[in-house]
Amino acid sequence: MNVEADPASTTRTDRVRALNDAFRRSFTGGHVMLSRGIATLPPEQRRERGAFHA
């Protein structure tokens, strides 16, 4: 079954997407998790990776 075909799934997906975007911008309402590899990088290199910047 294609979950995108289900209107309830699409609504939930949109809500999760909005919550994720809000968290990435504000860091409120969640927890920031860093892998060991990223945590060992100097802070300026962490920012350069920018994988989650909107």
Could you work out, with side chain to side chain donor-acceptor pair (under 3.5 Å) as the rule, every residue matching Thr28, not counting sequence neighbours? Ser26
Per side chain to side chain donor-acceptor pair (under 3.5 Å), Arg17 is matched among Asp14, Asn20, Asp21 by Asp14
Determine which pairs satisfy side-chain hydrogen bond (donor to acceptor under 3.5 Å, both in side chains) with at least one residue from residues 29-38, sequence neighbours left out, and list them in order.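 As it turns out, there is no side-chain hydrogen bond (donor to acceptor under 3.5 Å, both in side chains) pair with a partner in residues 29-38 once direct neighbours are skipped.
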Flag yes if Phe23 and Met33 sit in one hydrophobic cluster, no otherwise; membership is Ile, Leu, Val, Met, Phe, Trp, Tyr, and two members link when side-chain heavy atoms are under 4.5 Å apart.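 Not linked; separate clusters.
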